[in-house]
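Below, read A as the first sequence line, B as the second, and so on, with proteins coming before strands; counting in each chain starts at 1.
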2 protein chains.
Amino acid sequence: MPVGLNENEIHVLGEVVSHKRKIQRGGYLHRAGSKFQSLYAIRSGFLKTCILEQDGRQQVTGFHMTGELLGLDAISTEIHTCDAVALEDSEVCEIPFAKLEEISRTIPSLMHHFHKIMSREIVRDHGVMLLLGSMKAEERLASFLLNLSRRFLIRGYSEYNFNLRMTREEIGSYLGLKLETVSRAFSKLQDENIIRVDNKHIQINDMTRLRMKMGNSSCIT
Amino acid sequence: MPVGLNENEIHVLGEVVSHKRKIQRGGYLHRAGSKFQSLYAIRSGFLKTCILEQDGRQQVTGFHMTGELLGLDAISTEIHTCDAVALEDSEVCEIPFAKLEEISRTIPSLMHHFHKIMSREIVRDHGVMLLLGSMKAEERLASFLLNLSRRFLIRGYSEYNFNLRMTREEIGSYLGLKLETVSRAFSKLQDENIIRVDNKHIQINDMTRLRMKMGNSSCIT
DNA sequence: CGTTGCATTGAGGAAAATCAAGTTGAGTGG
DNA sequence: CCACTCAACTTGATTTTCCTCAATGCAACG
């Protein structure tokens with residue numbers, strides 16, 4: 001979160017971030033239906049958020065990594081609308097939302113920054129809607145891989161080699177595809193020598209052609 | 001917007017809302033790429049927002065009616081990410097965002113309310129993602145009609161009879177379907193006597209069965 | 001070393017896209 | 001007022017894409 005804040009502001013913000021929480025792989029950060037108190041800033045690890053329908057239908061709404069903020073959806077009703085599950089051992093900072101609002105009154109730049117973060121989430125969701133609404137399986141997967149790649153790069157990891165933390169089924173849920181379709185799309189991209197797949201490990205051989213696979217360049221954040 | 005504000009607060013907010021703007025049917029409230037200055041509260045009318053890709057791909061990201069707030073996506077980069085087009089003659093209030101932030105510092109309930117609105121938009125988008133990711137054509141259309149119906153009801157119109165402001169193609173874009181598929185889904189629902197379709201006019205004959213068509217009840221806002 | 005969960009692959013089928021007419025209705029101009 | 005145009009809609013035939021079902025592979029783990 002601390003971007004565009006001066007040292008004093010960061011100090012004040014530090015007061016708010018009450019305590020850290022560790023979540024084991026497979027553990028829940030929060031569940032749909034639970035009371036909302038705090039936002040969570042991811043310190044390390046990897047989580048997914050998903051909504052679960054009464055009829056069993058499930059949809060992964062996002063994969064989240066270090067530096068991202070979780071819980072924004074719950075502000076509106078003060079009830080979490082989704083589950084947040086750790087896909088690997090993770091650590092988060094709890095940010096009591098009431099305190100955040102209080103402090104942001106005295107630190108305009110903090111408030112503004114927070115608004116930008118919420119807005120970015122909306123933009124991201126619109127990107128996913130475009131993906132789900134108008135792309136074919138292979139395009140969706142290409143888009144997904146490029147998005148991951150970029151986020152790893154930003155965090156100082158290789159953009160060409162990384163490990164997926166999620167299963168094919170979770171990828172499929174996020175992309176609106178069945179796991180078999182995801183698997184086939186991986187195989188196809190591998191056959192074309194665009195990527196190399198070894199179980200959860202992905203190597204991107206030809207970034208340019210991967211980008212071409214999706215017809216558009218507006219990546220999802 | 002004014003919900004949960006006292007009279008004084010509303011008065012102050014009134015100062016912010018600088019001027020009203022009329023947009024003719026077919027006209028643009030804002031275009032993707034244009035500089036963001038203000039949010040827009042819809043006073044009357046009906047608009048769509050859509051993102052347009054370089055390759056011509058288009059996605060309607062939402063249909064918006066009286067009382068809703070437009071422009072939230074642009075806060076993050078201060079550039080509008082989508083077009084907003086009036087589907088009928090509409091009137092909006094311009095709310096300079098810088099002023100809104102400034103005033104919300106002195107009116108905590110206004111700030112909190114604004115956060116809820118942004119959060120609700122995120123929840124809505126997640127609902128659309130679920131729809132696009134896991135529903136069939138007919139389920140999507142049922143979900144869409146029920147959502148419209150509810151929003152008309154809230155605004156004091158009939159939940160059983162209403163006119164669509166958008167074309168089949170726009171519905172299709174929003175729902176991730178082609179216009180022919182939308183048309184067929186309409187016909188199918190009509191054949192089953194669940195709705196009556198006459199061009200843009202929709203009559204819902206059997207709300208219960210329409211609800212059953214979509215397997216879940218979490219409506220999109 | 002069998003179990004278990006995840007992944008791959010193939011065959012067949014269902015859903016939606018695409019292609020192709022035709023229809024309707026609103027608006028325009030003769 | 002009628003013919004004309006154009007855009008939006010409907011419907012049918014065909015093709016593509018993805019889903020479903022089923023078999024198999026494969027690594028991790030007790």
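- Which of C/dA16, D/dC19, D/dT10 sits closest to the side chain of B/S187 comes down to D/dT10.
- Between the CZ atom of A/F186 and the C1' atom of C/dT9 there is a distance of 16 Å, rounded to whole Å.
- When rounded to the nearest whole Å, the span between CG of B/D198 and C1' of C/dG25 equals 11 Å.
- Counting any heavy atom pair closer than 4.0 Å across all strands shown, B/K188 reaches no nucleic acid atom.
- Nucleic acid contact class of A/G176 (heavy atoms, under 4.0 Å, all strands): sugar-phosphate only.
- The side chain of A/T167 has C/dA7 as its nearest neighbour among C/dA7, D/dT10, D/dC9.
- Within a 6.0 Å radius of CD in B/E91, other residues, nucleotides and ligands contribute more than 12 heavy atoms.
- Distance CZ (A/R25) to C1' (C/dC6): 11 Å, rounded to an integer number of Å.
- At the heavy-atom level, B/L177 lies under 4.0 Å from the strands shown only through sugar-phosphate atoms.
- A 4.5 Å side-chain heavy-atom check between A/H80 and A/Q37 finds every atom pair outside the cut-off.
- For the pair A/R31 and A/Y28, the cation-pi test (distance below 6.0 Å, angle within 45°) is passed.
- Between D/dT10, C/dT8, C/dA11, one nucleotide has an atom nearer to the side chain of A/L179 than all others, and that is C/dT8.
- Separating the CD atom of B/E138 from the C1' atom of C/dA15 is a distance of 12 Å, rounded to the nearest angstrom.
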